[in-house]
Amino acid sequence: MVLEGFQSGRVLVNLSADFQEFLSTAGKPKLHYFNGRGRMETIWWLLAAAGVEFEEALFETREEFEKLIQGGNLMYERVPMVEMDGINLVETRAILRYIAAKYDLYGRNLKEQAWIDMYVEGLRDLSDMIIFFPLSLPEKKERNLEYILGRATTRSSPVYEKAQRDHGQDFLVGSRLSWADTQLLEVILMTEECMGRPKCKPSVLPGFPLLQEFKARISHIPTITKFLQPGSQRKPPLNEDSIETMKSIFRFERGMFLKNMGTIAAEY
């Protein structure tokens, strides 16, 4: 920072490029995760829907992850972690609740918060299965995919179709956008990506007209539209290279599988 002189009793300041960058990023949430989708994906979605700019500190090696652990700020030695408001936030659902409450996406009262919690927790099982599906053991992929699509079409989608019909509003809870809406849209799009694979049905929504309308409506909210555009901070689906990177970082040596048709477990 360089003092240039005085004018009308004021000091004129020429800010260095580094200091200008510091000012532009001060106060922004900083997201720590590996460079790909996973449990951070829903956090990206929620911040984007709120129109909040954020920084990313993304690692691509086990060594970088261990360096973060050794820094002493990563409770439980797990990511995602979000630096925000002077707190190192960990545990995905705790992070999401904090962000939703801070940016007015968590309902107007306790009753609305309870509905939001029920809806997002109801989506959690399906979203977790889709997140970890690319890590399926080869011999279990077809069965896992069938199970995921069955859960989506016979258990999850009917609940949210009924919720739209019973509530009669543009949003799942109350009369404005909430965390429940962003979570549902995310899971719809994740499921459709799964269904885009060979041998899959063309869409998850033909039998659910209100969910079709919901998808179109929420996708056209400006902040969400921006996040869905190419070049945004949204990460692409995992490919073979990013899957191998994830396995190496988190030491998923053999992959993931669905155990007892419901429980996600890792083989090491």
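Along the sequence shown, the residues carry numbers beginning at 1. If you're wondering where the values come from, they're calculated on a predicted model, not measured in any experiment.
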Check your understanding: How about M118: does its CE atom have over 12 heavy atoms from other parts shown lying under 6.0 Å from it?
Key -> yes

Exercise for review: Check the pair K141 / L145 against side-chain contact (heavy atoms from CB on, under 4.5 Å), numbers first and verdict last.
Suggested key: CA-CA 6 Å; K141 270 197 169 182; L145 183 56; over 6 Å; no

Review point. Is there a side-chain contact between R39 and Y33 (heavy atoms, below 4.5 Å)?
Key: yes

Review point. With no hydrogens and no angle check, is any side-chain donor or acceptor of T225 less than 3.5 Å from a backbone partner on S219?
Key: yes

Review point. So, the side chain of S242 versus the backbone of L238: is there a donor-acceptor pair under 3.5 Å, distance only?
Key: no

**Study point:** side-chain contact (heavy atoms from CB on, under 4.5 Å) evaluation trace for I131 with E41
**Key:** CA-CA 9 Å; I131 286 170; E41 177 76 357; 5.8 Å; no

Study note, to complete from the structure: All heavy atoms of S232 vs all of F227, minimum pair found to be OG-O, 2.6 Å

Review point. How many angstroms lie between CG in L96 and CD1 in I43, if you round to the nearest 0.5 Å?
Key: 5.0 Å

Exercise for review: Measure from the side-chain N and O atoms of Q169 to the backbone N and O of S175, and report whether any donor-acceptor pair falls under 3.5 Å.
Suggested key: no

Check your understanding: Do L123 and S156 come close enough that some side-chain heavy atom pair is under 4.5 Å?
Key -> yes

Check your understanding: Atom CZ in R234, atom CD1 in I224: separation rounded to 0.5 Å?
Key -> 11.0 Å

Point to revise | Donor + acceptor pair across side chains of S127, E186 (<3.5 Å) | key: no

Exercise for review: Compare every heavy atom of Q164 with every heavy atom of L172, then report the nearest pair and how far apart it is.
Suggested key: CD2-NE2, 3.7 Å

Review point. Taking all atoms of both residues into account, what is the closest heavy-atom pair of I249 and R62, and its distance?
Key: O-NH1, 2.6 Å

Study note, to complete from the structure: Of all heavy-atom pairs linking T223 and A49, the shortest is OG1-O, 2.8 Å

Point to revise | Reported CD-to-NZ distance for the pair E53 and K28, which is rounded to 0.5 angstrom | key: 4.5 Å

Check your understanding: Within the side chain of E64, is there an N or O that forms a donor-acceptor pair under 3.5 Å with the backbone of E60?
Key -> yes

**Study point:** Q183 and T42, any side-chain heavy atoms less than 4.5 Å apart
**Key:** yes

Check your understanding: Hey, does the side chain of T191 reach the backbone of V187 with a donor-acceptor pair shorter than 3.5 angstrom?
Key -> yes

**Study point:** Residues which pass side-chain hydrogen bond (donor to acceptor under 3.5 Å, both in side chains) with R124, listed by chain and number, not counting sequence neighbours
**Key:** none

Check your understanding: With a 4.5 Å heavy-atom cut-off, do E91 and R78 have their side chains touching?
Key -> yes

Point to revise | Heavy atoms from other residues, nucleotides or ligands near NZ of K235 exceed 12 (cutoff 6.0 Å) | key: yes

Exercise for review: Check whether any side-chain heavy atom of F59 sits under 4.5 Å from a side-chain heavy atom of V79, and report yes or no.
Suggested key: yes

**Study point:** Distance-only side-chain donor-acceptor flag, R143 / Y147, under 3.5 Å
**Key:** no

Point to revise | Value rounded to 0.5 Å, distance of OG1 in T153 from CD1 in I148 | key: 11.5 Å

Review point. Yes or no on salt bridge (charged side-chain N to carboxylate O under 4.0 Å, His left out) for E213 and R165, after CA distance, side-chain angles and deciding distance?
Key: CA-CA 11 Å; E213 294 173 7; R165 183 172 60 250; over 6 Å; no

Practice item. State, with a plain yes or no, whether a side-chain heavy atom of Y98 is found less than 4.5 Å away from one of D85. Key: yes

Check your understanding: Hey, does the side chain of Q113 reach the backbone of G107 with a donor-acceptor pair shorter than 3.5 angstrom?
Key -> no

Practice item. Going by the side chain to side chain contact (heavy atoms under 4.5 Å, CB included) test, name the single residue among D170, D104, I221 that passes it with L177. Key: I221

Exercise for review: Would you please name every residue forming a side-chain contact (heavy atoms from CB on, under 4.5 Å) with E112, sequence neighbours left out?
Suggested key: R108, N109, V173

Check your understanding: Do you know which two heavy atoms are closest between W45 and L228, and how far apart they sit?
Key -> CH2-CD2, 3.7 Å

**Study point:** Heavy-atom check, side chain of N73 versus side chain of E83, under 4.5 Å
**Key:** no

Exercise for review: Specify whether F250 and F65 have parallel, tilted or perpendicular ring planes, treating 30° as the upper limit for parallel and 60° as the lower limit for perpendicular.
Suggested key: perpendicular

Review point. Any donor-acceptor pair under 3.5 Å linking the side chain of D181 with the backbone of S178?
Key: yes

Point to revise | Greater than 12 external heavy atoms within 6.0 Å of Q229's CD | key: yes

Revision key, fill the gap. Heavy atoms of I116 and A180 approach each other most closely as CG2-N, 4.1 Å

Check your understanding: Is it true that a side-chain atom of T182 and a backbone atom of W179 form a donor plus acceptor pair closer than 3.5 Å?
Key -> yes

Review point. Between the side chain of S248 and the main-chain N/O of E244, is any donor-acceptor distance below 3.5 Å?
Key: no

Exercise for review: Would you indicate whether R155, at its atom CZ, is surrounded by more than 12 heavy atoms from other residues, nucleotides or ligands within a distance under 6.0 Å?
Suggested key: no

